[in-house]
Number of protein chains: 2
Amino acid sequence: MITIKEIAKMANVSAATVSHVINGTAKISPETTKRVMDVINKVNYKPNSIAKSLKIKRTNTIGIITEDITVFNTPEIINGINEHAENCGYHIILNNLRLYKRIGNNYKDTSKFTDLVSDIVGDLVNRQVDGIIYVGAHCRDITGLIENVSVPIVYTYCYTNNESDISIYYDDELAAYEATKYLIMNNHRKIGVITGSLSSIQCQERLKGYQRALFDNNILFNPQYMKIGNWELEQGYLAAKELLSLSDAPTAIFSMNDVMAGGVIEAAKELGISIPKELSLVGFDNRECSYSYSPKLTTMSLPLYEIGKKGAEILIKMINDKKSSKAPHDQNNTENKIKLNCVLIQRESVFENPDKSFKIS
Amino acid sequence: MITIKEIAKMANVSAATVSHVINGTAKISPETTKRVMDVINKVNYKPNSIAKSLKIKRTNTIGIITEDITVFNTPEIINGINEHAENCGYHIILNNLRLYKRIGNNYKDTSKFTDLVSDIVGDLVNRQVDGIIYVGAHCRDITGLIENVSVPIVYTYCYTNNESDISIYYDDELAAYEATKYLIMNNHRKIGVITGSLSSIQCQERLKGYQRALFDNNILFNPQYMKIGNWELEQGYLAAKELLSLSDAPTAIFSMNDVMAGGVIEAAKELGISIPKELSLVGFDNRECSYSYSPKLTTMSLPLYEIGKKGAEILIKMINDKKSSKAPHDQNNTENKIKLNCVLIQRESVFENPDKSFKIS
DNA sequence: CTGAAAGCGCTTACAG
DNA sequence: CTGAAAGCGCTTACAG
């Protein structure tokens, strides 16, 4: 490994001078600059960033802690973080908790892995990361999981109830509102909904959005049109069967995830009901399967890339603010819980209802 | 940030002694050990790993270069690397090329991103990673992409034609053989195959496996039973329609990926042919969608986790061999191209053919 | 415009 | 069993 001293000797200058030409931290005459650059290029010298980091107390590295990288949302969030970080010259140290393998579906009980997380955070801090981004596997409250960290941290796809913590996730209520409104704009007024597990916040928020869209358009909420699911395909199938056998069956269904929408498609096929001609369907999540269904599913896409990107932006800003000892982020008047918007992906499962009597002007 | 010197002062010993009790590198009396540990615990001191790395010239970090983390195979490979690396005390620096965003479907032309990769490799080396794992987005030949690296490197989900390079991927031929054999064991003898793009190596290998299974069981290859697809659902649908309308239609189909198998399911539904009772179907890849289909698809699962794990094992072994200046890996008599086996995931799409006349003893 | 020197926070022969 | 000292490869006031 070739060092700055050796370059200095070869170029007949001091190590300080070499450092200055590399970093542009002092005015060096064009001649010596050239002499130095020539030997650097000749021997293909690259400064040792570990040594540099030790001196400047900054690694230009951010730590990412993912709860489980195999969950569908995570790679795209990492992609977003990665792109912005790279543009700012930051590297990424990845720590994957492998939560599913370790504690299965107990992920809601954060106490089961606080020790693990606190070890990892400690480790990251020892390795001098400039900041940390935590990526949840499920959007939920993880208050208390991480405490007393000496570097800036931002939470993505999860949140805490601590006001000064920065959390970035997406707006379930609004997304459900948009999905329902899209069906209404397509002249549907009898709109069924198949929910996820009622105990989940996602489900509650999406239900609110669904009802608000109905309300805003003067459509009475018909409890018969609401079926309780559990996010699984089978429940979507069963719920659709019930909805479609109602005497006054809905002409459209909003399924709170794509997987259950797969069950709706199956049920409709069995009943000989054509999607989208006789039944319109909107899913949620824009999972891989939504594109494989036939018809291809119209669904709400989660702003995963954007969540990652925004997280990286804010974190890097916090790092820079800290460096220049500005006021910490939570004392600015900015809102610390950031909800990004989902976007509707129009594919093949929605059709304008031909019944003109419902037409909205 | 608290340093080893401060700990030394507080415990009334030298920094050397503190270092020794932390690392167990010398016999220290129980009394001083306790005194030192007490202050370490009291102030929650954690040594600065950057400083340590600079001194010992080892970071216990491996660099992962992924071609695209959003491709389905990659997260699971990272998971495998991660688990083994963590067990060995190694950290991971992640570099994601975002190949799809950058060059779209030109990924086969590695010359389009050699400069990018060589920058990243250089960067990783400056950051003193102990080794590098490259994770392909598609299993293909990437000879020449990376050259002259001073740290050990292993390739996963791709390979080079350079004998000394270590590559870990999976055995397409054998997997197709197993899939076809499974159908034969279920008493099928008229087995259709829907291929991917014929130009792809995967497809050629899988075709070989299919034919070898037929041959080994004395079944004549019937060209009518082979339909050329392109990995997309629509082609699977069309191919299945043709196969199923043959006068002597196959009783089973091997689809070279899960997506086309989705098309087969659709075609069968349209024709009123029941899967698996009247038609057995095996897919390939074990993608998310294969579990959402109805019936749930029996398919070959790629050993992604295992590829990652094996990659990490070999890389860390190379790092240790290098440290103790043993012979480099490629001079051992071990094989440097490692093909792991796929495993059959039995779900609901295969049924034993009731026609006893075919029964294999 | 350039260089000598100190120092970032550790580890490790070496001496005692 | 313990400590003084050198050094890993950089950067950065400071002096000239």
Side-chain angles (χ1 to χ4, degrees), chain A residues 1-37 39-40 43-61 89 91 122-123 125-130 150 323, chain B residues 1-37 39-40 43-61 89 91 122-123 125-130 150 323:
Chain A
M1 158 127 262
I2 175 150
T3 72
I4 200 171
K5 273 192 180 174
E6 305 180 64
I7 300 295
K9 191 177 291 176
M10 294 165 81
N12 256 312
V13 293
S14 71
T17 299
V18 176
S19 175
H20 284 132
V21 341
I22 290 172
N23 299 301
T25 36
K27 243 196 161 77
I28 306 290
S29 76
E31 298 80 47
T32 54
T33 298
K34 181 175 184 331
R35 213 164 64 242
V36 171
M37 285 311 294
V39 341
I40 286 180
V43 303
N44 192 26
Y45 165 73
K46 309 271 188 199
N48 178 327
S49 356
I50 295 284
K52 178 169 182 173
S53 291
L54 177 60
K55 182 65 190 168
I56 68 173
K57 294 175 166 305
R58 198 135 182 286
T59 53
N60 283 305
T61 299
H91 281 255
D123 222 44
V125 171
N126 297 348
R127 294 178 67 90
Q128 314 301 115
V129 296
D130 298 329
S150 55
K323 193 177 54 169
Chain B
M1 157 128 264
I2 175 152
T3 72
I4 201 171
K5 273 192 179 173
E6 304 179 66
I7 300 295
K9 190 176 292 177
M10 293 165 81
N12 256 311
V13 292
S14 72
T17 300
V18 176
S19 176
H20 284 132
V21 340
I22 291 171
N23 298 302
T25 36
K27 242 196 161 78
I28 305 289
S29 76
E31 298 81 47
T32 54
T33 298
K34 180 175 183 334
R35 213 163 64 242
V36 170
M37 284 312 293
V39 339
I40 286 179
V43 303
N44 192 28
Y45 165 72
K46 309 271 189 200
N48 178 328
S49 358
I50 295 285
K52 178 169 182 172
S53 291
L54 177 60
K55 183 64 190 167
I56 69 174
K57 295 173 168 306
R58 198 138 183 283
T59 53
N60 282 306
T61 300
H91 281 255
D123 223 44
V125 171
N126 296 348
R127 295 178 66 91
Q128 313 300 117
V129 296
D130 298 329
S150 56
K323 193 176 56 170

Report yes if at least one side-chain N or O of B:S53 is closer than 4.0 Å to OP1 or OP2 of D:dC8; otherwise report no. no

Residue whose nearest DNA chain D nucleotide is more 5′ - B:T33 or A:V18: B:T33

Hey, does the side chain of B:T33 reach the backbone of B:S29 with a donor-acceptor pair shorter than 3.5 angstrom? yes

With a 3.5 Å limit on both atom pairs, tell me what D:dA13 is paired to, counting Watson-Crick and G-U wobble, or say none. none

Checking C:dC10, D:dG9, D:dT2 against the side chain of B:T32 (C-beta onward), the nearest is D:dT2

Would you indicate which nucleotide in D:dT12, C:dT11, C:dG9 comes nearest to any side-chain atom of A:K57? C:dG9

Does B:Y45 place a side-chain N or O at less than 4.0 Å from the phosphate oxygens OP1/OP2 of C:dG9? no

A:H20 atom NE2 is separated from C:dC1 atom P, nearest whole Å, by 13 Å

Measure from the side-chain heavy atoms of B:K55 and tell me the nearest of D:dT12, C:dC10, D:dG9. C:dC10

Choose from D:dC10, D:dT11, C:dT11 the nucleotide whose nearest atom is closest to any side-chain atom of B:I4. C:dT11

With respect to the side chain of A:T3, which nucleotide from D:dC10, D:dA5, D:dT11 is positioned closest? D:dC10

Phosphate OP1/OP2 of C:dC10 contacted by B:S19 side-chain N/O (<4.0 Å): no

